[in-house]
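Note on naming: letters A, B, ... go to the chains in the order of the sequence lines (proteins, then strands), and numbering restarts at 1 for each one. All values derive from a computational prediction rather than experimental measurement. Both backbone and side-chain heavy atoms feed into the values below; hydrogens, waters and symmetry mates do not.
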Amino acid sequence: MPHFSDELYRKTFHHTSAHILAHAVKRLYPSVKLAIGPAIEDGFYYDFDHDDTFSPEDLIKIEDEMQQIVKEKIPLERFELSRQEARALMDEKGETYKIELIDDLPDDTIISFYRQGDFVDLCSGPHLASTEPVKAFKLTHTAGAYWRGNEKNKMLQRIYGVSFPDKKQLKIYLEQLEEARKRDHNKLGRELGFFTTTEYIGQGLPIMLPKGARVLQQLQRFVEDEEEKRGYQLTKTPLMAKSDLYKISGHWYHYRDGMFILGDQEQADTEEVLALRPMTCPFQFQAYLTRTRSYRDLPIRYAETSTLFRNEASGEMHGLIRLRQFTISEGHIICAPEHLESEFKDSLDLASFMLKSIGLDEDISYRFSTWDPNNREKFIGAAEQWDLAQNAMQGILKDLSIPYKVGFGEAAFYGPKLDIQIKNVFGKEDTLITIQIDFQLAERFQMTYIDRDGSKQHPMIIHRTSIGCYERTLALLIEKYSGALPLWMASEHARLLPIAERHFDDAQKLADQMRQAGLRVTVDDRNEKIGKKIREGQMDKLQYMFILGDREVTENSLSVRSRLDGDLGSLSVDSVVERLKREIDEKRVR
RNA sequence: GCCGCUGUGGCUCAGAGGUAGAGCAGCUCACUCGUAAUGAGCAGGUCGUGAGUUCGAUUCUCACCAGCGGCUCCA
């Protein structure tokens with residue numbers, strides 16, 4: 001008997017669960033048309049074309065029907081049909097979406113179906129032998145989904161579910177989901193006062209509150225200092241530019257939907273208008289173009305903590321993950337072909353160093369995003385240039401033995417990308433870092449350098465980020481550490497908790513002293529019991545709390561409570577300062 | 001943008017076709033306290049915004065705004 005921990009078995013299990021879902025829906029709502037219903041990471045979904053909407057009550061009814069189908073222990077039988085027979089069968093059942101799928105199958109495909117009782121579905125399989133093992137499941141939520149993921153097509157109704165061989169595993173899963181909800185940066189980050197949003201400012205435009213802003217400042221300082229050490233030059237470029245600039249770069253034609261164009265939209269094509277920048281590249285290219293460059297000048301590494309604006313669709317914004325305004329650790333390396341490999345590797349090394357320093361180096365994966373030669377609208381440049389860029393990148397990845405999956409057609413419009421992907425607390429994947437090779441834009445901007453032989457050459461460009469987008473990185477940090485960020489980046493290193501009013505002055509003096517030593521220390525001088533101050537400090541996710549009462553004042557000491565190490569007892573003020581400073585300087589993450 | 005759900009004082013949430021409650025937070029007072037919530041009192045909301053239905057709506061309808069889950073896209 002295969003085990004649920006086996007990926008293929010699990011997938012099969014989930015896939016059969018999807019069929020059980022569809023079977024139940026067809027029993028309850030015979031007029032519903034079936035679209036697709038695959039297994040996904042933790043479960044399955046099925047897309048239906050249904051005239052009414054599935055309400056939460058409907059989901060309960062469907063679950064009950066699914067229970068019944070499992071109880072009936074219906075066997076699943078595979079059978080194959082010719083294309084014509086398959087079409088006829090689906091036509092008879094009115095399954096128009098299935099017919100479309102059949103018509104799109106390549107000629108040599110074996111067209112298979114699975115029958116479970118009175119339910120038949122086009123499916124390549126494999127499936128469980130019977131509905132019986134699907135003992136525990138839950139329909140978790142519904143969502144709209146376009147047929148074939150294309151917004152021009154009809155929107156279908158998707159039902160998501162999870163399933164397990166027994167109730168205990170389902171219970172554990174649901175509990176884990178509950179735990180994940182508590183870490184959700186969008187909830188926790190607001191609760192803890194990292195950021196907020198207001199309807200008067202708008203979607204995707206967060207206000208970083210003092211706590212969040214301080215963290216971002218620490219990260220930014222760290223990034224900028226490290227980049228300076230690694231030979232980057234800083235630029236500070238405008239947040240907007242004339243449309244002319246974007247016409248040269250190609251953004252005007254390939255990224256326009258994502259741009260905020262100022263002024264009269266109607267006249268934007270004929271009049272000169274300004275647009276907020278969605279990327280920094282063309283701006284830093286202008287910096288390069290200020291003088292004639294020699295091969296001796298290369299590589300030039302420009303870095304900038306760069307605020308960008310992208311007009312995301314209104315339904316797309318999410319917490320600090322997807323924003324309309326965000327700040328990225330941007331950079332462009334303008335180099336000669338012989339530098340490409342080492343500069344790319346250095347960029348990757350810098351990104352890896354950053355992720356390690358903030359503790360996000362685990363749970364990452366690599367994606368090599370290529371162009372799609374059949375979608376020329378989306379990309380600029382000649383096929384040979386793409387091949388050149390992609391081969392270069394692929395060679396480097398192979399050289400570094402970096403395992404990657406391919407994101408076909410997901411390149412930037414000007415070049416292939418290496419994306420470092422990370423999963424959030426709910427297992428959803430997002431891009432944290434991207435490093436891109438660009439053989440196109442230098443030519444468009446007529447960027448050149450004088451080579452050894454006196455000839456003019458176009459440089460190559462690496463677009464890269466070192467720590468990604470600050471807001472998104474913060475979101476992942478909040479989730480990773482449940483809001484208790486590593487000391488070096490925390491907005492509040494420690495809080496002094498005086499026991500009674502007579503200790504307030506001493507606490508303030510001590511806090512001043514510690515601030516002079518470079519620690520971010522506050523004092524809780526409310527007239528509250530020490531138990532309450534500790535409780536609130538704990539809920540604020542403080543790494544350190546210092547308790548100050550008669551004993552400590554006499555001894556010039558502090559009672560230290562560490563979030564990670566517990567009660568450390570009474571320590572001298574000097575040794576406490578020493579301890580925290582060391583932890584900060586070492587940028588300890590845990 | 002599209003589909004679905006949601007929107008009550010700073011936060012978490014009750015509530016009902018006849019113009020609203022609780023806990024926490026806040027403020028005041030008392031207590032001056034030793035490792036996860038001291039007690040009492042006070043104050044705070046035109047129930048997201050606008051329009052419609054109705055004798056009357058915060059409760060019903062519609063639109064808009066915002067939040068959540070997805071689709072598509074992406075840092």
J.: For S559(A), report the nucleic acid contact type (base, sugar-phosphate, nothing); a contact means any heavy atom under 4.0 Å.
T.: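 Counting heavy atoms under 4.0 Å across all strands, the contact made by S559(A) includes a base.
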
J.: Of the nucleotides C3(B), A75(B), A37(B), which has the atom closest to the M155(A) side chain?
T.: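 Between C3(B), A75(B), A37(B), the one nearest the side chain of M155(A) would be C3(B).
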
J.: Go nucleotide by nucleotide along RNA chain B from the 5' end; which of R324(A) and G204(A) gets its closest nucleotide reached first?
T.: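 Closest to the 5' end, via its nearest nucleotide, is R324(A).
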
J.: Rounded off to whole Å, could you give me the CG-to-P distance for the D525(A) and C33(B) pair?
T.: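 So the CG-P distance, D525(A) to C33(B), works out to 17 Å.
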
J.: Report the base-pairing partner of U32(B) (Watson-Crick or G-U wobble, both distances below 3.5 angstrom), or none.
T.: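 Pair assignment: U32(B) / none.
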
J.: Please report, rounded to the nearest Å, how far the C1' atom of C73(B) is from the CG atom of D430(A).
T.: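 Computing the D430(A):CG to C73(B):C1' distance gives 11 Å.
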
J.: Please confirm whether H254(A) and F379(A) have ring centers closer than 6.0 angstrom.
T.: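 Ring centroids of H254(A) and F379(A) are no less than 6.0 Å from each other.
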
J.: According to the Watson-Crick and G-U wobble definitions, with both distances under 3.5 Å, which nucleotide is paired to A14(B)?
T.: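 Here A14(B) is not engaged in any pair, so there is no nucleotide opposite it.
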
J.: Rounded to whole Å, how long is the line connecting atom CG of L188(A) with atom P of G67(B)?
T.: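 Spelled out: CG on L188(A) to P on G67(B) is 18 Å.
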
J.: Classify the nucleic acid contact of E552(A) as base, sugar-phosphate or nothing, counting any heavy atom under 4.0 Å across all strands shown.
T.: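 Base, at least one base atom sits under 4.0 Å.
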
J.: Could you tell me whether F54(A) contacts a base, only the sugar-phosphate backbone, or nothing, with contacts defined as non-hydrogen atoms closer than 4.0 Å?
T.: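 Nothing: the residue F54(A), judged by heavy atoms under 4.0 Å, touches no strand.
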
J.: Taking atom types as modelled and ignoring hydrogens, do the side chains of E330(A) and T280(A) form a donor-acceptor contact shorter than 3.5 angstrom?
T.: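 A pair is found: one side chain offers a donor N or O, the other an acceptor, under 3.5 Å apart.
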
J.: Between G34(B), U32(B), C74(B), which nucleotide has the shortest distance from any of its atoms to the side chain of R502(A)?
T.: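 From the listed options, U32(B) comes nearest.
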
J.: Using the P atom as the reference point in each nucleotide, state the distance between G48(B) and U6(B) in Å, no decimals.
T.: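 Roughly 13 Å separates the two P atoms.
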
J.: Base, sugar-phosphate, or nothing: which does R322(A) touch, judged by heavy atoms less than 4.0 Å apart?
T.: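 Since a base atom lies under 4.0 Å of R322(A), the category is base.
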
J.: How would you label the contact of L308(A) with the nucleic acid (heavy atoms, under 4.0 Å): base, sugar-phosphate, or nothing?
T.: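 The answer is nothing, as L308(A) stays clear of every strand by at least 4.0 Å.
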
J.: Taking it one step at a time, do T370(A) and E410(A) satisfy side chain to side chain donor-acceptor pair (under 3.5 Å)?
T.: CA-CA 6 Å; T370(A) 65; E410(A) 291 179 37; over 6 Å; no

J.: As a test of reading the structure: which of A36(B), A75(B), G70(B) is closest to the side chain of R310(A), going by heavy atoms?
T.: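 So the nucleotide nearest the side chain must be A75(B).
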
J.: With a non-hydrogen cut-off below 4.0 angstrom, is D550(A) in contact with a base, only sugar-phosphate, or nothing?
T.: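 If one applies the 4.0 Å heavy-atom cut-off, D550(A) turns out to touch a base.
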
J.: Do Y29(A) and F54(A) have ring centres separated by under 6.0 Å?
T.: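 Close enough - the centres of the two rings lie under 6.0 Å apart.
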
J.: To the nearest Å, give me how far apart CZ (R526(A)) and P (A25(B)) are.
T.: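 So the two atoms are 9 Å apart, to the nearest Å.
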
J.: Under 6.0 Å between ring centres, would you say that holds for H332(A) and Y302(A)?
T.: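 No, ring centres 6.0 Å or more apart.
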
J.: What does Q203(A) touch in the nucleic acid at a heavy-atom separation under 4.0 angstrom: a base, only the sugar-phosphate, or nothing?
T.: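 Result for Q203(A) = sugar-phosphate.
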
J.: Roughly how far apart, to the nearest Å, are G7(B) and C47(B) at atom P?
T.: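 Straight-line distance between the two P atoms is 14 Å.
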
J.: Once you round it to whole Å, what is the distance between P of U35(B) and CZ of R535(A)?
T.: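 Rounded to whole Å, this separation is 16 Å.
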
J.: Would you mind classifying the nucleic acid contact of G468(A) as base, sugar-phosphate or nothing, using non-hydrogen atoms under 4.0 angstrom?
T.: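 The answer is nothing, as G468(A) stays clear of every strand by at least 4.0 Å.
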
J.: Establish, for the pair R230(A) and F353(A), whether the NZ or CZ atom is under 6.0 angstrom from the six-membered ring centre and no further than 45 degrees off its axis.
T.: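 Here R230(A) passes the 6.0 Å and 45° test against F353(A).
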
J.: In Watson-Crick or G-U wobble terms, both distances under 3.5 Å, what is the partner of G7(B)?
T.: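 Its partner is C65(B).
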
J.: Does I547(A) reach a base, just sugar-phosphate, or nothing at all? Heavy atoms under 4.0 Å.
T.: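 Contact class for I547(A): base.
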
J.: Is G549(A) touching bases, backbone alone, or none of the nucleic acid, heavy atoms closer than 4.0 Å?
T.: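 The answer is base, as G549(A) lies within the cut-off (heavy atoms under 4.0 Å) of a base atom.
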
J.: Using a 4.0 Å heavy-atom cut-off across all strands, classify N150(A) as base, sugar-phosphate, or nothing.
T.: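 Result for N150(A) = nothing.
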
J.: Just compare C74(B), G67(B), C33(B) and give me whichever is closest to any side-chain atom of K378(A).
T.: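 When the side chain of K378(A) is considered, C74(B) is the closest of C74(B), G67(B), C33(B).
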
J.: Among A75(B), A36(B), G1(B), which nucleotide sits nearest the side chain of E316(A)?
T.: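 It is G1(B).
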
J.: Rounded to whole Å, how long is the line connecting atom CD of E528(A) with atom P of G34(B)?
T.: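 The answer, rounded to whole Å, is 14 Å.
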
J.: Given atom CG of L432(A) and atom P of A75(B), what is their separation to the nearest angstrom?
T.: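 It is 12 Å, rounded to the nearest whole Å.
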
J.: When all nucleic acid strands are considered with a 4.0 Å heavy-atom cut-off, which category describes T434(A): base, sugar-phosphate, or nothing?
T.: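 Touches sugar-phosphate only.
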
J.: Just to be sure I understand the rule, does S314(A) reach a base, reach only the sugar-phosphate, or reach nothing, if contact means heavy atoms closer than 4.0 Å?
T.: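 Base contact - S314(A) has a heavy atom under 4.0 Å of at least one base atom.
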
J.: Does NZ or CZ of R277(A) fall inside the cone over F283(A)'s six-membered ring, less than 6.0 Å from its centre and within 45° of the axis?
T.: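 Cation-pi check for R277(A) and F283(A): passes.
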
J.: Heavy atoms from C-beta onward define the side chain here; which of A66(B), C71(B), G69(B) lies closest to that of A143(A)?
T.: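 The nucleotide sitting nearest to the side chain is G69(B).
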
J.: Which part of the nucleic acid, if any, lies within contact of R551(A), taking any heavy atom under 4.0 Å across all strands shown: a base, the sugar-phosphate backbone alone, or nothing?
T.: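 Result for R551(A) = base.
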
J.: Can you check the Q157(A) CD to C2(B) C1' distance for me, whole Å?
T.: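 It is 13 Å, rounded to the nearest whole Å.
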
J.: Choosing from A75(B), C33(B), U38(B), which nucleotide comes nearest the side chain of N527(A)?
T.: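 Within the option list, the nearest is C33(B).
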
J.: Can you tell me the base-pairing partner of A57(B)? Count Watson-Crick or G-U wobble geometry only, both distances below 3.5 Å, and say none if there is no partner.
T.: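 Looking at the geometry, A57(B) pairs with no nucleotide.
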
J.: Taking the nucleotide of RNA chain B with the nearest heavy atom to each, does A145(A) or L320(A) sit closer to the 5' end?
T.: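 Residue closer to the 5' terminus by nearest nucleotide: A145(A).
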
J.: Please name the nucleotide paired to C71(B) by Watson-Crick or G-U wobble geometry with both distances under 3.5 Å, or report none.
T.: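 With both distances under 3.5 Å, C71(B) matches G1(B).
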
J.: Is the number of heavy atoms from other residues, nucleotides or ligands under 6.0 Å of K138(A) NZ greater than 12?
T.: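 Open.
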
J.: Taking atom P in both U32(B) and A22(B), compute the distance separating them and give it to the nearest angstrom.
T.: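 U32(B) and A22(B) have their P atoms separated by 31 Å.
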
J.: Which one is paired to G45(B), where only Watson-Crick or G-U wobble pairs with both distances under 3.5 angstrom count?
T.: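 WC or wobble partner does not exist here.
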
